[in-house]
Structures are given as structure tokens and as C-alpha cells.
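A short write-up of the structure that comes next.
This one's a predicted model, so the numbers in the text were calculated from it and none came from an experiment. Chain naming here is simple, since letters A, B, ... match the order of the sequence lines and numbering starts at 1 in each.
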There are 2 protein chains.
Amino acid sequence: MSAGRRGGLADEIVAYVRGRILAGDMKPGEKVDQDAIAEALDVSRSPIREALVILGQEGLLDVTPRRGAFVASITREDVIDHYELFGLVSGRVAALAAERLSDSEISELRLIHERFEAATGEDHSKLNNEFHRLINTAASRRTRWLLRHLERSIPAGFYAFTPGWTEQAHTGHDEIIDAITRRDADGARRAMEEHLHAAGVAAADALTERGFWQDAS
Amino acid sequence: MSAGRRGGLADEIVAYVRGRILAGDMKPGEKVDQDAIAEALDVSRSPIREALVILGQEGLLDVTPRRGAFVASITREDVIDHYELFGLVSGRVAALAAERLSDSEISELRLIHERFEAATGEDHSKLNNEFHRLINTAASRRTRWLLRHLERSIPAGFYAFTPGWTEQAHTGHDEIIDAITRRDADGARRAMEEHLHAAGVAAADALTERGFWQDAS
DNA sequence: GTTTTGAATTTTGTATACAATATGTAATTC
DNA sequence: GAATTACATATTGTATACAAAATTCAAAAC
């Protein structure tokens, strides 16, 4: 950890380990060696242990008291299901948004949506975040808290926006906006649930691409 | 931490701090002093820091990089909302249970329910857990994972079964069982959502009783 | 040949030590 | 007198040290 970091090393280590797992670099069931990370990143085990605790809470690691941390054995079903749950909560929020968002907020949403359509590469992820974040302003504090957790937990909101998925996402956003504009709460819920289900499939496919799931050694 | 503990001190510290917060002993906004806990429990700061990370993830503490951990300012609305979300997920599981539980499992559920009715004091919490756990067998692995988190997070599943709440819980369970027996998925969902909403109100009231929310100093 | 047992080694968990930042207090300035 | 600055203190974050448990591997027993 070369840069003159002054605090919050654990967060960087979390990002590092999560990245390696999601990249398919560390396989499910594999042991996470604290000393190995310590050497790789040139840090002590203190912040590493805190990072492993966080990843354990997120569900990416199984942490057993005296045995250590292991990469969780996540199945395709887990990922699909995770997004389904994400959709359950997001759907409720979308329904609220259809009722509570002001007209000007809806205009802003549409603007973000149009920029998404025109955008390229990296920007898609950023604009996607903006899109969902604006909708989520309709949710309670606690709901937003839960969404944040679901988002960073497991393989959510990480995968690259591949050409195919970008197109699909655009269609999904389109339907969501339409329903919200119509003030159709139930339609917004359904559209959001379907959108996130599709996102789950896309995420699972992306993980398959990366050689996630199991070790073919 | 007198007993000859061999590993997993952090979990005990989590329980200790969470207990103190939920008991209204540590007030929202108050700083959590690592040294103070270290002295009180006679442990080093290493496991304490891991405990604070966990409690931060749970939402009971606000942890800021170089400033320390503070008791989160949880409002009554947060608690109500938390249970609402809990109900959203549990409701979906109840709907699944109405479709998927075998007849013998439903009989078992009814048995637990009858024991709950007859039970006294401490047993209510245990039987309540059994009741919900059996229903949750109908859920996917990931859903159970989320429920576990929602359950231990914030003030959920902690409060004492006061006479009034026990009665209310019994009524709620009754309706849930009826709907499941009728194989009425949507009815089970509604019954579960209502049950957990009532639980949220009960929890919020219990916290009020304990002098939670704010410091009247 | 397989299983069991028992040290040697590795790795985790906790404690302590040290460095850097934040906090609190008092003196100084306007 | 209020605000600001400089210094002293306290507290956090990270590194290192040490103790205990788990894993490994080889020798011995069956």
C-alpha cells in the first residue's frame, strides 16, 4: 500500500480482495491467507483482519473462528436470488417513487436516461448509479441503507456494462420511467423487479465469463 | 473476559456493546471509547476494533476513519421501517411456504404454535424462533442469509416478550398458519407483513421504555 | 498398504508498541 | 470579550510480538 495513506487501509484491502474474488482469481472454497495478503500489499495483518471481517459480513467470505477465512461457495442460484431480493426492495421503492417524485425530479430522471443512451463505456455505470440513486430518494433512510448493503454485497453493481447489457438496461430504464411518469406505482414495481432480474442474469453470466463458480483444476 | 476463551472474542464484545446500546446505556451520538471497553472487559483493542467494524456494518454504529465510532442516531421511524423491510422479505417467504411446505411440516408448525401458547417467559422467544425458522426453510439460501442479517441488525429480535406482545404475536402466528394451511400464498404474505409491522411497533415501544432515542440529560 | 499418533511447522487470535492524527486547553491577538 | 493560534494530551490506526490452536508430515502400529 505504497501511497501515503493515513487511515482506512481496511477499505482498500476490502476492495482488493473483493476484486480478486470477483475476477475469478481466488476460487470458492479457497483459503484466504492473511500473511499472503500482508506480503502482497505490504501491510500488517491488523487492517487485513478488519477487512476480512467486513467481507465476511458481506457474504463473500466464510469466516470460521480458529480456522480462518475461505472464499464463499456462491452458486449461480445465489446470485440470481440476490438480485431477486434486490429487486423486491427496489421494486417497493420504485412504487413509492411513482407516487412521491415531483414532476421536476421525473424530468431530471429522463435527462439522466437520455445521457445514458448517448454515453459510452465507463460513463454507463456512473449514469446507471445516478438513475437509481434519484429513484431511491423516494425511499426511507433505512431502505436506502439496506439497498447500499445489497448493492455492495456479493456480486452486485460490479460487472462491466457490456454492449448487450447496456441495451437491455436502457430498455428496462425506459419502462421504469414510463410507469413512474404515468404515476403507475404497481407498474413501476413490476418494471423495476424485471429490470433487476435481468441484471441478475447478466451478472451471473459475467461471472461465468470470468471463470467464477468453481475451480476446474 | 474472564473465562478461558480461545477465539472469537470479537463476537462477545459485539454482544456486549450491542446490549449496552439497546439497553439505552449508551446514547445515540455518544462516542464509543475503545480504551474504555478494553478496560471494562479486560481485553486488548484488537478484538474490540473487529467488533466495532461488525457493529458498524450492522448500522448500530457510525464509524468514521480517523475519528472513531459513535452510536448511530436511530429514530423510531428507522425501527418501524426496518421491520417493514423485514416484513417485505418475510412476507415473500411466507408466500413460498404456503406453496412449498409439506403437510407434515405444517403440522409441525402448528405444534410449535400450540407450545408457544402454553409456554411462559423465556420459552416464548425460543419457540418464536422455531416458528419462523421452520417457515424460512421454504426460502432460498440467499434469502435466509438476508433474513439472518435483518434479524440481528438494529433492534430486531431482541426485545423481551412482554405479556401484551406475546398475545399479539400469538394472534399473528395464528393468521399466518391459517393462510399457509389454506395454501393461500397471498394471504400468508399479508399476514406475515402485518405480523412484522406489529412487531416493529412493539420493538419501538420497548426501546422507548428503555430510554432509547435520546439523552434527556 | 492403510491408519494412527505425535512432534514440527504454520497460522490464527490477542496483546503490546509505536506513529500519526485529532481533540482539548491555554495563551495571544484583534 | 470573542476568535485564533500553538502546544499538550488523548485516541486512533498500523505494526510488531507472543501465545495457542490447527495443520502438516513422517514415523510407527496394525
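Rounded to whole angstrom, the span from the CD1 atom of A/Ile37 across to the C1' atom of D/dA15 amounts to 17 Å. Between A/Glu50 atom CD and C/dT12 atom P there is a gap of 16 Å when expressed in whole angstrom units. The CZ atom of B/Phe70 sits 12 Å away from the P atom of C/dA22 (whole-angstrom rounding). Straight-line distance from the CG atom of A/Asp42 to the P atom of D/dA15: 8 Å, rounded to whole Å.
Evaluation of the salt bridge (charged side-chain N to carboxylate O under 4.0 Å, His left out) test over residues 195-209 of chain B, restricted to residues two or more places apart or in two chains, returns B/Arg76-B/Asp205. Applying the salt bridge (charged side-chain N to carboxylate O under 4.0 Å, His left out) test to residues at least two apart or on different chains, the pairs with a partner in residues 125-140 of chain B are B/Arg115-B/Glu130, B/Lys126-B/Glu130.
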Please table the atom pairs, donor to acceptor, closer than 3.5 Å between any side-chain atom in residues 67-75 of chain B and protein atoms at least two apart or in another chain.
from	atom 1	to	atom 2	distance (Å)
B/Thr75	OG1	B/Glu77	N	3.4
B/Thr75	OG1	B/Asp78	N	3.1
B/Thr75	OG1	B/Asp78	OD2	3.3

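Applying the salt bridge (charged side-chain N to carboxylate O under 4.0 Å, His left out) criterion to B/Arg92, with sequence neighbours excluded, gives no partner residue. Considering only residues two or more places apart in sequence or on other chains, B/Arg148 meets the salt bridge (charged side-chain N to carboxylate O under 4.0 Å, His left out) condition with none of them.
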Please write out the pairs of protein N or O atoms and N or O atoms of nucleotides 10-12 of chain D separated by less than 3.5 Å, giving the distance to one decimal.
from	atom 1	to	atom 2	distance (Å)
D/dT12	O3'	B/Pro65	O	3.3
D/dT12	O2	B/Arg66	NH1	2.8

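Of the candidates B/His173, B/His170, B/His124, B/Glu117 forms a side-chain hydrogen bond (donor to acceptor under 3.5 Å, both in side chains) with just one, namely B/His170.
In this model, the phosphate group of C/dT14 is not approached by any side-chain N or O of B/Ser44 to a distance below 4.0 Å at OP1 or OP2.
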